[in-house]
Amino acid sequence: MSETESRDFIRQIIQDDLESGKHDQIVTRFPPEPNGYLHIGHVMSICLNFGVTNETAGRTYLRLDDTNPGKESKEYVDAIERDVRWLGFDWEDRLTHASDYFEKIYAAAVSLVEMGSAYVDSLSADEIREYRGTLTSAGRNSPHRDRSVEENLHLLARMRAGEFPDGELVLRAKIDMGSPNMNLRDPALYRIRHIAHQRTGDDWSIYPMYDFAHTLSDAFEGITHSLCTLEFEDHRPLYDWFLDQLKPAHRPRQIEFSRLNLAYAITSKRKLNALVEEGIVEGWNDPRMPTIAGMRRRGYPAAALREFVKRGGVTKKDKLIEMGVLENCVRDILGENAERRMAVLKPLKVVLTNYPEGKVEMMEAANHPGRPELGTREVPFSRELWIEQEDFMEDAPRKFFRLKPGGEVRLRFGYIIQCDEIIKNDAGEVIELRCSYDPDTRSGTGTSDRKVKGTIHWVSREHALAAKVRLYDRLFNVANPNSADDFHAALNADSLQSVDAKLEPSLAALESGTPVQFERLGYFCADSEENSADAHVFNRIVTLRDSWAKQEELAMKDQGQV
RNA sequence: UGGGGAGUAGCCAAGCGGUAAGGCAUCGGGUUUUGAUCCCGUGUACCGCAGGUUCGAAUCCUGCCUCCCCAGCCA
């Protein structure tokens, strides 16, 4: 498999450039704008940019594209650094900002003016829009397009000096107002913004636009392959135009790939921000958010995110990947590494009528069924237990092999018990089970070779640790909320459910963020923000695969159809 | 109607003129003190459509269809 493993088209290009000697070393960059938190879509870009240089002994810059003060902040910068690092990538000393190059970018603008390739325009924003034309009709030249170089230079200097109010003037590239590519219709290079920048303070009253700043930053850093998403494909002619005009020492090549869309999730910073602002979620790191911070808090391992991206691949085709693929990556990583514990989410009381009152036995439980080196722990067992409500059914179908009246079931790491009596409340709900245990069936004693079909988990009532457990579901009910006009209509009202659960006592010492499997239920971790020694709060990371639930679902569907 | 991209099984994705890899899902079966894991097995893909070139086309040519992106002094 490994020697036949095929490379995606970008790695192919990189390989070719290395072999042909075009480049000795690959240099890439991950250039987020610090105006929001990184999300699952960025994970792909991060893994690609750092991945190709990890594979070829190259270098990658983490560059904050901070050319629009007012929308950007230090909070986001810090979050970005934290998230990239957590994902497992290291930029070493290559943390840069577009703002590091403001002086050089300005010099480049002056050069363009000097060579007659840029001019200062006095048209208003509305007028510029009007002059730009439409998709199907050419634009018109601005009446200020032919100002002299001297006048342009003078005006630009005064713009920089802060002599004009916001919007009064704008520096534009002089390209072609008739181009079918809108990006070439004299795009803006600099706009006036009297606003403090989070890094440069009040040094500047003009700020460069994305296309200009980004191309130059790439060139200054010696980026060899500037990897970005498809929507920038028709910016490439502009990117190349800047390089042709200014002829920097290094000429980066822009290559575009399709972005990764996750089904039932939103990956638009604007919409994610709205979820936060409107209080629909608790914050950027709400465990339901597809942000790196959210997924980390939820308990998704970084390795699962990397694996997810790997399974997706790099192409130019629009993709909408099923949530199940991500969840399976999480299950795969956690199934291998997470220790097992027992917990009851929706407790039902069980009394073992023939078990001595006051007696407590310590049962030995394996921490991982497939990895004995992870050791064992002791779990207290006593007369009164909690079991899962769903593990008992009064009128059980034939294939239900958990507890039912008169039936037997094995308690995981414990004894085989039989259900003798059901106790209900006035409403007719089962509130307690009276059972008897078979003393000869203690786990691991080998005194009995009796087999029962089912095994269920339990927690000793007396020793149980109370905890709030949050059960999360997808935030949206439609597969592609990205394309919905109003995502509010697509919101899943039941994306968060909180239950009062009973945990085995060893869980009291579990460190926040460390994932464990609650046997038969799923993977969980203590919440990094709200869990405390006297108020335990856990998050469900993902459920286990559940073929029984699937069968039931099918049965329900069949019944409904008949 | 202008320009730029993309179309291979439910979701991803190899393939680069020689007769359709792989992963995930699905569906069977085996193991199992987690109905988990693990292990086996499981797909008639009209390769968007229609023509053409060729002994031979998913791969080359022509025409068409569908979807995505572009008219911020956002990135």
Side-chain angles (χ1 to χ4, degrees), chain A residues 1 4-8 31-33 35 65 67-68 71-72 121 123-125 128-130 132-139 166-172 179-185 187-193 206-207 209-211 213-214 228-237 256 258 260 263 269-270 310-325 327-329 331-332 335-336 340 342 366 368-370 399-402 409-414 416 441 443-444 451-457 483 517-522 543-551:
Chain A
M1 178 73 194
T4 56
E5 201 164 346
S6 54
R7 264 184 267 274
D8 59 68
E33 181 189 11
N35 67 341
D65 207 351
T67 57
N68 192 8
K71 287 192 174 177
E72 298 153 4
D121 201 351
L123 253 27
S124 70
I128 286 182
R129 185 180 317 122
E130 205 175 298
R132 185 154 34 226
T134 69
L135 293 178
T136 52
S137 63
D166 289 8
E168 178 85 3
L169 297 173
V170 62
L171 181 72
R172 292 227 259 168
S179 174
N181 182 341
M182 302 299 284
N183 295 298
L184 264 21
R185 319 244 266 224
L189 264 29
Y190 266 97
R191 75 286 218 190
I192 300 171
R193 279 263 199 292
I206 57 173
Y207 293 94
M209 298 292 291
Y210 161 82
D211 288 291
H214 188 258
C228 64
T229 42
L230 242 33
E231 66 268 29
F232 294 104
E233 199 145 23
D234 49 19
H235 288 238
R236 196 170 67 230
E256 312 82 13
S258 61
L260 177 161
K269 276 192 199 166
R270 206 202 97 241
K310 194 172 161 192
R311 290 185 191 179
V314 181
T315 65
K316 301 190 72 157
K317 184 173 129 183
D318 291 335
K319 54 184 120 199
L320 181 62
I321 302 181
E322 294 168 339
M323 184 71 96
V325 177
E327 292 180 337
N328 281 323
C329 291
R331 291 187 181 109
D332 287 352
E336 178 72 22
R340 312 286 112 134
M342 287 200 288
H368 190 116
K399 286 178 296 182
F400 182 84
F401 44 89
R402 278 118 91 159
V409 74
R410 161 134 242 143
L411 293 177
R412 178 85 161 144
F413 305 123
I416 291 175
T441 56
S443 268
K451 293 270 182 196
V452 286
K453 203 63 172 279
T455 298
I456 64 173
H457 57 277
S483 65
Q517 181 191 107
F518 287 177
E519 295 217 22
R520 304 208 311 130
L521 295 172
T543 62
L544 251 32
R545 279 197 192 83
D546 189 347
S547 55
W548 167 251
K550 204 178 292 172
Q551 268 183 47

Exercise for review: Summarise protein proximity over nucleotides 33-39 of chain B in one line of letters, 5' to 3': B for base, S for sugar-phosphate only, - for none, counting protein heavy atoms closer than 4.0 Å.
Suggested key: BBBSS--
Study note, to complete from the structure: When every non-hydrogen atom of Asp234(A) is compared with those of Asn181(A), the smallest separation belongs to O-ND2, 3.0 Å
Exercise for review: Look at Lys319(A) and rA13(B) and indicate whether a side-chain polar atom (N or O) is within less than 4.0 Å of OP1 or OP2.
Suggested key: yes
Check your understanding: With rounding to whole Å, what would you report as the distance between rC70(B) and rA13(B) at their C1' atoms?
Key -> 28 Å
Exercise for review: Tell me the partner of rC46(B), counting only Watson-Crick (N1-N3 plus N6-O4 or O6-N4) or G-U wobble (N1-O2 and O6-N3) with both under 3.5 Å; none if nothing fits.
Suggested key: none
Practice item. Pick the C1' atom in rG22(B) and in rC68(B), then give their distance to the nearest Å. Key: 27 Å
Practice item. Pick the C1' atom in rG15(B) and in rG23(B), then give their distance to the nearest Å. Key: 16 Å
Practice item. Write down the distance separating the P atoms in rC40(B) and rA45(B), rounded off to the nearest Å. Key: 24 Å
Exercise for review: Applying salt bridge (charged side-chain N to carboxylate O under 4.0 Å, His left out), run through Lys316(A) and Glu233(A) and close with a yes or a no.
Suggested key: CA-CA 11 Å; Lys316(A) 301 190 72 157; Glu233(A) 199 145 23; 2.5 Å; yes
Review point. Should rA6(B) form a Watson-Crick or G-U wobble pair with both distances under 3.5 Å, which nucleotide is its partner?
Key: rU66(B)
Practice item. Write down the distance separating the P atoms in rU1(B) and rC65(B), rounded off to the nearest Å. Key: 9 Å
Review point. At their closest point, which heavy atom of Ser258(A) faces which heavy atom of Lys317(A), and how far apart are they?
Key: OG-O, 2.7 Å
Practice item. Determine the Euclidean distance between corresponding P atoms of rG10(B) and rC27(B); express it in Å to zero decimal places. Key: 15 Å
**Study point:** Watson-Crick/G-U partner (both atom distances under 3.5 Å) of rG18(B)
**Key:** rC55(B)
Practice item. Give a yes/no answer on whether the side chain of Lys550(A) brings an N or O atom under 4.0 Å of OP1 or OP2 in rU26(B). Key: yes
Review point. Would you call rG17(B) syn or anti, using the 90° rule around 0?
Key: anti
Practice item. Using whole Å, report how far CD1 of Ile321(A) lies from P of rG10(B). Key: 17 Å
Exercise for review: Figure out the CG/P separation between Leu320(A) and rA13(B), and round it to whole Å.
Suggested key: 11 Å
Check your understanding: Do any side-chain nitrogens or oxygens of Lys317(A) fall under 4.0 Å of OP1 or OP2 in rU8(B)?
Key -> yes
Review point. For Arg236(A) and Asn183(A), does a side-chain donor sit closer than 3.5 Å to a side-chain acceptor?
Key: no
**Study point:** rA57(B) and rA50(B), which share atom name P, separated by this distance in whole Å
**Key:** 15 Å
Practice item. For the pair Met342(A) and Phe413(A), evaluate side-chain contact (heavy atoms from CB on, under 4.5 Å) and give the outcome as yes or no after the intermediate values. Key: CA-CA 10 Å; Met342(A) 287 200 288; Phe413(A) 305 123; 4.2 Å; yes
**Study point:** Atom P, compared across rG48(B) and rC11(B): separation rounded to whole Å
**Key:** 14 Å
Practice item. Would you mind classifying the nucleic acid contact of Ser179(A) as base, sugar-phosphate or nothing, using non-hydrogen atoms under 4.0 angstrom? Key: nothing
Practice item. State the pairing partner of rG28(B); accept Watson-Crick or G-U wobble contacts with both distances under 3.5 Å, and report none otherwise. Key: rC40(B)
Revision key, fill the gap. In terms of heavy-atom contacts, Leu411(A) and Thr455(A) come closest through C-CG2, 4.5 Å
Revision key, fill the gap. B/S/- along nucleotides 69-75 of chain B (protein heavy atoms under 4.0 Å) is BBBSBSB
